[in-house]
S.K.: 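Mind looking over this structure? Questions follow.
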Number of protein chains: 2
Amino acid sequence: MNSKKGIQRFPTPRHNHATCVNTAMHQAEDYCNRTGVRLTQLRRRVLELVWSSHRPVGAYDLLEQLEPKGRKAAPPTVYRSLDFLLEHKLIHRIDSLNAFIGCNQPGHEHDAQFFICKACGEAAELIDPKVERALVKDANQLGFNIEKQTVEIAGLCNRCHQGRKK
Amino acid sequence: MNSKKGIQRFPTPRHNHATCVNTAMHQAEDYCNRTGVRLTQLRRRVLELVWSSHRPVGAYDLLEQLEPKGRKAAPPTVYRSLDFLLEHKLIHRIDSLNAFIGCNQPGHEHDAQFFICKACGEAAELIDPKVERALVKDANQLGFNIEKQTVEIAGLCNRCHQGRKK
DNA sequence: AGAACAATGTAATATCATAACATTACTCAA
DNA sequence: TTGAGTAATGTTATGATATTACATTGTTCT
Ligand SMILES: [Zn+2]
Ligand SMILES: [Zn+2]
Ligand SMILES: [Zn+2]
Ligand SMILES: [Zn+2]
């Protein structure tokens, strides 16, 4: 799904998603090996579930998928894994949806901009320095010290938009 | 609190906040008169409560304040008023905080950028065309049609940041 | 006055998230 | 290798935010 840094295409239905998952899991493993944190079975499982699509997914959705046979997992199970993955920047939280999505520049410390289709749910992650620079400039004028940015753009992806024109 | 369009200062402790409230309430009244929608007692009350500070405030906080004597209001009471105020752009929702804040360009259709201090809770609303342009450009490259932008920057306001330096 | 509609009241429930404490798994020094 | 210390997970309960459904009241317009 990635092209060069800071430029992402919107996920297409035909892309080979197995590659996305594979890359993500390998990057996560590398990161955890490098930094000495533990990518346990549970955390790995949750990360895979988050990466099962390019749609932000809710914690309780993940929770359901964690219990294939009657066994029921409780919320802290998934929230703790999500917290770990967030802490290590392997996933992002989408505040406007109370949902989580895999990060495609893991390890690399960043805040990103998200474009999220209201119809199909797919999301694209971008890092646009122009957006960042504009926000930093505004912050400077306000005397404000930025810690975290939340930029989430809702709308229609190209495909869904085409599909709606009569 | 307003200076010229698109440029806001961060709210200072000494500004005359009564003026902010007054302006907001008059703008709301004007808007409702112009467009023929009803600013009922309840809606007015909720709007005043939202404007009681420059901090985003939660729905349940508002709810408590709505019931000064033992009378207890139920959630739909406040959520319906909030929905009305959102629909008519008299307030904004801050997704990253599940909270609401008065809009200082009401009537004027817009998405804004918010800078929110994690220490004191105060927030500044900006409309920076550079941010918008950068996002629109990104959207175009993605073939994405923007409907709504959520831009919420968390950090420290000048005063709180000063207060922390040793 | 009364029909039609808008707003509000009320009770129940859905959805998202965390606190507190018990248990299990892992690590590493002795 | 064992066991003490720590990290991770399990379990139960609860907190925080938000909506659904239906009853009642208020407003508008004839
Ligand atoms: Zn993919
Ligand atoms: Zn779409
Ligand atoms: Zn003020
Ligand atoms: Zn502050």
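Values below: all heavy atoms of this structure, side chains included; hydrogens, waters and symmetry mates excluded. Naming convention: chains lettered A, B, ... in sequence-line order (proteins, then strands); numbering from 1 in each chain.
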S.K.: Looking only at atom types and distance, does a side-chain atom of A:E125 sit under 3.5 Å from a main-chain N or O of A:A112, one as donor and one as acceptor?
M.R.: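 Not at all, since once roles are kept as given, no pair shorter than 3.5 Å links the two residues.
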S.K.: When you measure from the side-chain N and O atoms of A:T77 to the phosphate of D:dG10, is any distance below 4.0 Å, counting only OP1 and OP2?
M.R.: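 Yes.
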S.K.: B:H88 vs B:F84 aromatic rings, parallel, tilted or perpendicular, using cut-offs 30° and 60°?
M.R.: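 Tilted: the ring planes of B:H88 and B:F84 meet at 30° to 60°.
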S.K.: Once each nucleotide of nucleotides 19-29 of chain D is scored for protein heavy atoms under 4.0 Å, what B/S/- sequence comes out, 5' to 3'?
M.R.: BBB-----S--
S.K.: D:dA8, D:dT17, C:dC16: which one has an atom nearest the side-chain heavy atoms of A:N98?
M.R.: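 Per side-chain heavy atoms of A:N98, the pick is C:dC16.
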S.K.: Less than 4.0 angstrom from a charged side-chain N to a carboxylate O is my criterion; do B:E152 and A:K148 meet it?
M.R.: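 Salt bridge flag = no for A:K148 with B:E152.
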S.K.: Can you hop from B:L90 to B:V50 via hydrophobic side chains spaced under 4.5 Å?
M.R.: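 They do share one cluster, since a chain of ILVMFWY contacts under 4.5 Å joins B:L90 to B:V50.
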S.K.: In chain order, what residues pass the side chain to side chain donor-acceptor pair (under 3.5 Å) check against B:E147, with sequence neighbours excluded?
M.R.: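 Once residues adjacent in sequence are excluded, the partners of B:E147 under the side chain to side chain donor-acceptor pair (under 3.5 Å) criterion are A:K118.
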S.K.: Measure CG/A:L42 against P/C:dT24 and give the value in whole Å, please.
M.R.: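 Spelled out: CG on A:L42 to P on C:dT24 is 17 Å.
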S.K.: Please report the distance, rounded to the nearest Å, between CG in B:L97 and P in C:dC16.
M.R.: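 Going from CG in B:L97 over to P in C:dC16 covers 18 Å.
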S.K.: Starting at atom CG of A:L85, determine the distance to atom P of D:dA8, rounded to an integer number of angstrom.
M.R.: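 These atoms are roughly 12 Å apart.
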S.K.: Please compare A:R43 and B:A59 by the position of their nearest nucleotide in DNA chain D and report the one closer to 5'.
M.R.: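 Residue closer to the 5' terminus by nearest nucleotide: A:R43.
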S.K.: Check side chain to side chain donor-acceptor pair (under 3.5 Å) between B:E48 and all other residues, then give those that pass, not counting sequence neighbours.
M.R.: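 Not a single residue meets the side chain to side chain donor-acceptor pair (under 3.5 Å) criterion with B:E48.
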S.K.: Rounded to whole angstrom units, what separation is found between the CG atom of A:L39 and the P atom of C:dC26?
M.R.: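 So the CG-P distance, A:L39 to C:dC26, works out to 14 Å.
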S.K.: How many whole angstroms separate atom CD of A:Q41 from atom C1' of C:dC26?
M.R.: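 Whole-Å distance recorded here is 14 Å.
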S.K.: Has the side chain of A:R55 got a donor or acceptor atom that lies under 3.5 Å from a matching backbone atom of A:A123?
M.R.: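 Answer holds: no.
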S.K.: Atom CG of A:D95 to atom P of C:dT15: distance rounded to whole Å?
M.R.: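 The answer, rounded to whole Å, is 20 Å.
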S.K.: Measure NE2/B:H88 against C1'/C:dA7 and give the value in whole Å, please.
M.R.: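 For the pair B:H88 NE2 and C:dA7 C1', the rounded distance is 13 Å.
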S.K.: Does the side chain of A:T40 get closer than 4.0 angstrom to OP1 or OP2 of C:dA25 through an N or O atom?
M.R.: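 For C:dA25, OP1/OP2 do not have a side-chain N/O of A:T40 under 4.0 Å.
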S.K.: How many whole angstroms separate atom NZ of B:K72 from atom C1' of C:dT8?
M.R.: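 Taking NZ of B:K72 and C1' of C:dT8, I get 18 Å after rounding.
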